Each structure stands twice: as C-alpha cells, then as structure tokens.
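Reading through the structure tokens given below for one structure.
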There are 2 protein chains.
Amino acid sequence: MKWTLAQRAEKMNPSIIREILKVTERPGIVSLAGGLPSPATFPLDAFAQACAQVLQADGRAALQYSSSEGYAPLREQVAQMLPWDVDPAQVLITSGSQQGLDLVGKVLLDPGSRVLVETPTYLGALQAFAPMEPEVVGVRSDEEGIDLTDLLTQMGQSPSHPEDGGLEEPDRRRLLQLDLAPDLDPAHGMPRFLYVLPNFQNPTGRTMSEARRAELSRVAAEVGLPLVEDNPYGDLWFDTAPPTPLTARNPEACLYLGSFSKVLAPGLRLGYVVAPKALYPKLLQAKQAADLHTPTFNQRLVHEVMKDGFLERHVPTIRALYKAQRDAMLAALETHMHGLDVRWNQPDGGMFLWVQLPAGLNAMELLPHAVERGVAFVPGSAFYAGEADARAVRLSFVTSTPEQIVRGVAALAATIKAQLHAVAHGPAAGSLPRAA
Amino acid sequence: MKWTLAQRAEKMNPSIIREILKVTERPGIVSLAGGLPSPATFPLDAFAQACAQVLQADGRAALQYSSSEGYAPLREQVAQMLPWDVDPAQVLITSGSQQGLDLVGKVLLDPGSRVLVETPTYLGALQAFAPMEPEVVGVRSDEEGIDLTDLLTQMGQSPSHPEDGGLEEPDRRRLLQLDLAPDLDPAHGMPRFLYVLPNFQNPTGRTMSEARRAELSRVAAEVGLPLVEDNPYGDLWFDTAPPTPLTARNPEACLYLGSFSKVLAPGLRLGYVVAPKALYPKLLQAKQAADLHTPTFNQRLVHEVMKDGFLERHVPTIRALYKAQRDAMLAALETHMHGLDVRWNQPDGGMFLWVQLPAGLNAMELLPHAVERGVAFVPGSAFYAGEADARAVRLSFVTSTPEQIVRGVAALAATIKAQLHAVAHGPAAGSLPRAA
C-alpha cells in the first residue's frame with residue numbers, strides 16, 4: 001500500500017533533544033541535558049486534595065466535554081495573575097504552551113511567510129512552526145536580548161525576497177532613534193511576527209534587559225511588527241523579578257504564551273494564550289479543530305490547586321531550589337573549568353545555562369565522550385534556525401541535585417580536557433577504551 | 001496593528017454545533033442536540049481511587065513530562081483491546097481522537113489533495129482537515145454504508161481535476177466484481193484516503209454491514225486507496241457487536257482512530273491512533289510538535305482504571321442505559337410522529353438517530369421554533385462536505401433521560417405540525433407569539 005505524505009511532512013523531524021535523551025537516559029549518567037523540572041517541586045499533596053475535591057464537588061462536569069475556550073474560572077485566574085489589564089475573554093487555555101505555538105503557526109503562517117526568531121531559540125517553536133513551512137529567519141542576539149539593528153536588517157532584507165526592498169542604513173539608524181518608521185510593504189516585506197522568549201530563555205538562560213524591551217517594543221510598534229512572546233520561565237527568578245512583559249506594553253500587537261508546566265507540573269499539559277481580539281476567534285477555531293478542548297479535569301484541578309494564593313507560597317520554594325542548583329553549577333564550573341578556555345553565563349532564573357567550549361571542540365562530537373564519562377548535555381546547535389554555533393552547550397541545572405551537578409560538571413571538564421588533548425595529539429590519545 | 005492571517009485561516013470556521021449549543025443550552029430546554037455522553041456513566045469512584053493510587057504510587061512521574069508516543073503500559077492495553085494483531089509500537093496516544101484527525105490531516109493532506117468522506121460525515125473531521133486545505137469529496141452512502149459504485153466514480157472523476165482520467169463504467173463494474181484494478185495515476189488521481197466511521201456513525205447512527213465492509217476492503221486494496229477508520233462508538237452496541245473493523249482486514253493500508261471518551265469520560269481527552277509502520281514516525285513527529293505529549297497523569301489514570309478488566313464490567317452498563325434511551329426515543333417517535341411524513345432509522349448502538357423531516361420543511365429553519373417549544377436538535381446540514389440534505393435532523397438519545405426524551409420528541413412533533421400548518425397556510429398561522 002502506497003501512502004502519499006503531505007509535502008509538509010518533509011519539514012517535520014524528530015526532536016534531536018528527545019533522540020539524545022533516549023541515548024543518555026541510562027542509569028548512572030548525570031543528566032544536565034533535559035529540560036525536566038525537578039520532580040521534587042511537584043505539589044503532590046495539593047494535587048491529591050484537588051483530585052478528591054474536584055471529583056466530589058462536581059465530578060461529572062469535570063469528566064464531561066467542555067468549552068474550547070477553557071474553564072471560565074481558570075481563565076479568570078490567568079487574567080488576574082498577569083501584570084497588565086487582561087480580559088478573561090482574551091485567554092485561551094491550551095494543551096501546554098507547545099499547543100499555543102502550534103495554533104499560532106496554523107493561524108499566522110503561510111508556506112514561505114517569514115518569521116523572525118532569536119539566535120539561538122527554542123527548538124520546540126521551530127518544530128511547531130515547521131509544518132506550516134515558513135521561512136524562519138534568525139536575528140542576532142546578545143546577553144541583553146535581540147539585536148535591534150540586525151532585526152531591522154532582517155526585516156528590510158530577505159535573501160530570498162530581494163524585491164521586498166531593504167532598509168537603508170540611515171533609515172535604520174533613524175528608526176532606532178525613533179525618527180521614522182520604514183516604508184515596508186506589509187503584504188510581502190513584513191514578517192508575520194517575531195517570536196521571543198524574553199525571560200531566562202531556552203536555551204541560553206538569558207533575560208532581555210528593560211532597555212532592550214523598551215526599545216524593541218517601540219520599534220515593533222513603529223514598523224508594525226507583531227510579537228509572539230513566550231514566557232514559560234518568567235516566574236522562576238532568583239533575586240529580582242524580570243522586567244515587564246513585552247505584551248504589557250502593547251497588548252494589541254502581541255500574542256502572549258504562558259504555562260503551568262514550570263510552576264506546578266508539566267505532566268498535566270496546561271498552558272494558555274492571551275490573544276488580541278483580532279486574533280482570538282481564529283485561534284479558538286484552530287483549537288477546536290485540533291483537540292476540541294483542553295482536558296476539563298486538568299483545568300479544574302489546576303484551578304482548585306491555585307485557589308487561595310497557592311502559587312504565592314509554592315513558587316518561592318521552586319526559586320530557592322533552582323537558585324541553589326544554579327549556584328552549585330556556577331561554583332563547579334569555576335572549580336573544574338579552571339585553566340580551560342570555557343566560558344559560561346550567569347542566568348538570573350529559569351532552568352538553563354549556556355556554555356561555550358574551547359576553540360577546536362565541537363559539542364555534538366563531544367557528547368558521546370561525555371556520556372562515556374557519565375554526563376549528558378544538549379549540544380547548542382539544536383537551537384539555531386540558521387547556521388549553528390558548534391561550540392555551544394546547553395546545561396540544565398534543575399533536574400539534578402547539587403551533588404550530581406558537581407559530579408556532572410567535573411565529568412564534563414575531564415571530557416573537555418581529554419578532547420583538547422586528543423585534538424592536540426591525535427585522536428588515539430584522547431579516546432577512552434570502548435567496550436566491544 | 002495589522003496582523004496578517006494565514007490563508008488557511010479562511011478555511012477555519014466556528015463549529016455550527018457549538019454555536020447552536022450556546023443558544024440552546026438554556027434551562028428547561030430538552031437537548032437532543034449535543035453529543036455529550038451521559039454523565040451518569042462516568043465512573044467517579046473508579047477515577048477517585050485511580051487518582052489516589054497514581055499519585056501515591058508514582059506521583060512525581062505522573063506529573064512529569066513523558067514520551068510523545070504515550071505511556072507504554074497504556075499502549076499495551078490498547079493493543080490488547082483491539083481485535084486484530086496490534087504491536088504496541090504502532091499505538092500513538094493522542095489528546096482525544098480529534099487530535100488524531102488533526103495529525104492525520106497534517107501528515108497526509110496537501111492543499112488541494114482529495115480526501116473522500118461519507119455523506120453525511122463527522123463534522124469534527126471536516127474541521128480538522130480544513131486547515132490543510134484539501135478538496136473534500138463526499139461519497140454517497142446508504143443504510144449499509146458507503147456506496148462503492150459512487151466511491152469508484154468519485155475516485156476516477158474529480159470535477160476540478162478532469163485530467164486525472166475517469167473510470168469507464170465497464171471498468172467500474174468489473175472492479176466491483178474484482179476483475180480489475182483501475183489505472184489511476186497515484187500522484188494525482190488517487191485521493192489521499194477515504195475517511196470512514198463504520199460503527200454507529202456520527203451523525204446518522206448507521207453501521208456498515210459486513211458485506212459492505214468486505215467489499216470496501218477488497219476494492220480499496222485493489223485500487224490502493226488508504227482508509228482512515230474512526231471508531232469512537234464501536235463498543236456502544238446494544239444487541240450484537242458490529243462487524244470486524246476495516247483495519248483488521250488490511251492493517252498496512254489503514255489508520256485506525258480510537259477514543260476513551262465514550263467508554264470512560266470525554267473530559268480527560270484521551271484517544272489513540274494505530275498506524276502502519278510507514279506512517280508512525282511522521283505522525284509521532286507531528287504529535288511532538290503539536291503538544292509534546294498527551295497528559296501523563298490522564299494516561300496513567302486511565303491505565304489504572306482499566307486494570308483488571310474494568311471496561312468489561314463497565315461498558316455493558318453504558319450499553320444498557322443507551323439502549324433504554326434509544327428505545328424511549330423510538331417509542332416516542334412512533335407515538336408522536338404518527339401521521340406525519342417523518343422518517344427515522346433504528347441505530348443498533350452509539351448515540352445518534354437520523355430523522356428525515358416532511359417535504360417542505362427545513363431543519364435549520366425549524367430549529368428556533370423547536371427551541372421555543374423546549375427542544376433542541378442539530379440540523380443535519382452541518383454534516384455534509386458538499387450539498388446538504390436540508391430535511392435531515394440528528395437526534396442524540398444519550399444526554400437526556402427517557403422522560404426528557406419523550407418530552408423532547410413530543411415538542412419536536414408539535415413544532416413540525418405547526419410548521420407544516422404554517423407552510424400550508426402562510427407563516428403567521430404557524431408562528432408562536434414571540435416575547436418582545
């Protein structure tokens with residue numbers, strides 16, 4: 001039997017991360033790879049009570065079909081949690097924020113339409129958009145966030161659409177100084193949106209500074225560039241809360257995606273989209289067609305757990321745990337990478353830290369050697385829309401304990417040393433004996 | 001701010017059924033409209049025990065991210081439940097079987113590719129496929145299922161692709177007699193698949209006969225037409241189980257969709273796809289991009305509930321309840337439609353019954369009058385890919401009690417009589433006084 005696949009199926013690929021995790025999830029391996037929240041943070045008792053309460057109070061409704069928009073009291077809770085004026089009617093409950101990305105792609109992306117992303121960016125977003133066959137364009141980013149000069153360059157100049165008309169350098173400078181909006185043809189030249197993850201970004205752990213947010217917000221409004229703001233990690237700050245979301249600055253021009261995966265539990269698959277009125281009906285129709293609605297029971301469970309300000313007591317305990325684990329990782333990097341040309345950043349929250357290997361090393365090639373020494377990580381090259389940085393490594397500090405983290409970083413340092421030696425003296429010297 | 005929508009967004013529409021339900025879900029209205037399983041059948045105690053057990057035994061794993069394929073023990077249960085030889089590796093757990101349809105559309109449908117459906121067919125499938133912009137072609141169907149002569153006609157002749165080459169009548173006859181497979185160009189002429197709901201179909205309640213299944217299976221194999229078999233209602237038989245699934249007859253040429261919504265509870269959003277090895281990897285990648293995985297907790301709950309043969313005890317109670325309600329509806333139709341030119345079928349299971357209004361009436365126009373008299377239904381025209389039957393009505397016998405069903409059918413009969421009178425004597429005579 002011949003099944004004919006849709007052309008878009010060619011654009012779909014297995015997640016390289018999930019493939020790596022399959023290989024590296026062996027007993028005894030310290031995983032600094034996966035982005036799994038620490039299961040120690042899951043509020044088991046609160047969920048057990050909520051299950052009993054929801055089933056007892058209104059169990060038959062909790063197990064019945066329900067509205068595609070989501071459970072009204074949960075939509076109200078979401079609207080109240082957010083730090084700008086959100087109408088619950090704008091909140092669409094999704095099956096994890098990953099589904100939000102799928103719906104955004106369906107509603108906003110045609111084959112060939114351009115979408116801008118940070119460099120690097122969240123792999124799951126690239127995967128969610130891929131079936132809609134957009135042209136994904138990476139915008140240079142630094143420790144403060146997206147590079148606005150490169151953003152305007154990318155907006156004005158598309159290699160595959162030279163007819164769109166580029167921005168002249170003086171225009172770009174003036175625009176950055178807020179003198180002028182560029183004369184872009186919105187039908188062709190304008191990317192459908194910029195996808196950004198401003199808080200403790202996956203994979204880099206970077207946070208967009210207040211200054212950069214203010215500037216991006218202003219520039220996006222001037223040129224009419226819609227923003228899709230993904231914020232799964234924003235609540236996981238360690239010392240001070242991150243700056244105000246981009247969406248709060250211009251709600252009609254932004255789509256906002258949130259998640260309960262990192263503050264309660266990912267296994268419930270519960271997230272939400274806050275959409276401007278211009279987009280909500282189409283997102284809702286896409287949601288209805290995709291899975292009718294998010295599980296009623298899960299929505300009522302989370303609503304029940306969150307009643308009476310539970311998150312205000314619970315989330316600080318997650319912050320404290322992850323901060324201690326980040327500190328353990330930073331200290332271990334200081335100790336074990338000493339004398340090696342390895343660089344890393346110091347995330348102010350979230351789950352990830354971004355490492356640069358010494359010149360001459362390649363993270364993908366390093367991985368099997370690291371696994372042999374008992375530690376796993378994700379090569380940073382997984383997270384690029386275009387040309388990848390082969391020396392980048394994503395380390396997660398949330399899944400493992402401080403002791404495991406120290407052990408893992410030590411093993412990573414040993415692997416790097418061995419590989420540097422191998423590079424300098426030929427492969428045989430640096431290879432570990434392999435089992436047959 | 002100008003948001004530019006994807007072209008496919010034009011193909012998305014609000015569900016007419018959900019729009020109707022919003023209007024008709026008023027207190028005092030008997031709903032014969034929605035396809036909501038009777039909440040009386042939801043096994044609350046079993047779920048309460050399963051929640052406690054799952055959280056106690058392995059709560060942290062139940063609340064964690066998990067594999068995109070689904071929970072392995074649940075995949076094994078599904079494989080064992082099915083009446084043909086299914087490898088658990090072929091089972092993909094989905095967020096309701098509606099998501100199965102979404103994934104099928106993504107992986108198999110290009111813009112303009114043809115997909116064949118029954119006439120009428122499940123509205124949710126039309127909605128799930130619509131964003132992929134296929135050309136949906138309705139195939140004539142009767143009480144025994146899909147009309148094979150029309151199937152071959154539709155396969156050979158596409159009005160918008162005349163170059164595909166039609167089948168000559170003698171070829172069609174010979175093919176039906178199994179003498180010859182037609183010479184269709186698989187790249188252009190061949191529809192991507194036929195979507196069928198052989199058991200107690202939504203909306204008609206019809207079941208495809210054994211003879212028709214055997215013939216369809218044979219013809220599909222000969223011409224190389226893949227089948228997508230949707231079976232959410234198959235377990236809800238009243239007297240005898242329906243014939244063997246189409247997929248059991250040719251597993252490599254069929255995709256099979258199942259659901260726990262009708263035998264346990266729809267609010268968990270739990271379904272599955274059984275896919276041939278040629279398709280599984282792409283469906284899995286589409287699943288991963290769509291929502292990472294189906295909620296871990298829900299999968300473990302259903303696995304826990306189903307242990308020790310629970311469904312073998314539970315499903316017969318649903319069958320008995322729905323059979324009594326179907327009988328109440330049939331009896332009420334006999335009584336109240338007496339003397340009216342109204343026809344209906346006698347479903348052997350499932351949730352729906354299909355009614356034909358008297359000549360001159362239109363179900364969509366009848367609906368507001370029926371609601372005024374206290375009963376709601378779904379106009380059958382919602383379920384057609386092409387030209388609709390304006391006189392068709394879908395009645396659900398599962399959501400309401402026998403007493404409510406009798407009251408609802410009586411109100412429907414009174415509405416029909418009044419409308420027939422209005423048609424005969426002018427609109428004023430048949431209208432009820434309306435509140436200002």
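These figures come from a predicted structure and were not determined experimentally. Per chain, numbering begins at 1; letters A, B, ... match sequence-line order.
Side-chain atoms of M132(B) and K106(A), non-hydrogen and from C-beta on, do get closer than 4.5 Å to each other. Two residues are said to be in side-chain contact when any heavy atoms from C-beta on lie closer than 4.5 Å; D291(B) and T94(A) fail this criterion. Contact check for L108(B) versus W3(A): side-chain heavy atoms found under the 4.5 Å cut-off. In this structure, the side chains of F297(B) and C51(A) come closer than 4.5 Å at one or more pairs of heavy atoms.
When heavy atoms are compared at a cutoff of 4.5 Å, A40(B) approaches chain A solely by way of its backbone atoms N, CA, C and O. Neither the backbone nor the side chain of P281(B) comes within contact range of chain A; no heavy atoms are under 4.5 Å apart. For A125(B), no part lies under 4.5 angstrom from a heavy atom of chain A. For a residue to count as touching a neighbouring chain, one of its non-hydrogen atoms must lie under 4.5 Å from one of that chain's; by this rule S68(B) touches chain A with backbone and side chain alike. Proximity to chain A (any heavy atom under 4.5 Å) is shown, for L36(B), by both the backbone and the side chain. Interface residue L227(B): only backbone heavy atoms are found under 4.5 Å from chain A. For A52(B), no part lies under 4.5 angstrom from a heavy atom of chain A. Contact of Q64(B) with chain A is made through backbone and side chain together, with heavy-atom distances under 4.5 Å. Heavy atoms of A220(A) lying under 4.5 Å from chain B belong exclusively to its backbone.
Distance check: L268(B) CG to N298(A) CG gives 7.5 Å after rounding to the nearest 0.5 Å. Taken to the nearest 0.5 Å, the NZ atom of K287(B) stands 13.5 Å off from the CE atom of M12(A). Residue Q288(A) holds its CD atom at 13.0 Å from CG of D102(B), rounded to the nearest 0.5 Å. The distance from the CZ atom of R60(A) to the CG atom of L44(B) is 4.0 Å, given to the nearest 0.5 Å. Atom CE of M190(B) sits about 8.0 Å away from atom OG1 of T4(A), to the nearest 0.5 Å. The distance from atom CZ of F47(A) to atom CG of L63(B), rounded to the nearest 0.5 Å, is 5.5 Å.
Of all non-hydrogen atoms in Q127(A) and A289(B), the two that sit nearest each other are O-CB, 3.4 Å. Nearest heavy atom pair, residue R8(B) against residue P111(A), reads NH2-CD, 4.0 Å. Shortest non-hydrogen contact noted between D110(A) and Q7(B) is OD1-N, 2.7 Å. Scanning both residues, S261(B) and Y65(A), for their nearest heavy atoms gives CB-OH, 3.7 Å.
The most heavy-atom pairs under 4.5 Å with chain B, out of S97(A), G267(A), G124(A), come from G267(A). The candidate from V54(A), L301(A), N250(A), L55(A) with the greatest count of non-hydrogen atom pairs under 4.5 Å with chain B is L55(A). Each of E252(B), Q299(B), R300(B) has some count of heavy-atom pairs under 4.5 Å with chain A, and the biggest count is that of E252(B). Between chain A and the options A278(B), A253(B), A128(B), A265(B), the largest number of non-hydrogen pairs under 4.5 Å is found for A253(B). Put simply, of T41(A), L264(A), L255(A), T294(A), the one with the most heavy-atom pairs under 4.5 Å next to chain B is L255(A). Of the listed residues (D45(B), N13(B), L270(B), L225(B)), the one with the most heavy-atom contacts under 4.5 Å to chain A is N13(B). The residue among G96(B), S66(B), P37(B) with the most heavy atom pairs within less than 4.5 Å of chain A is P37(B).
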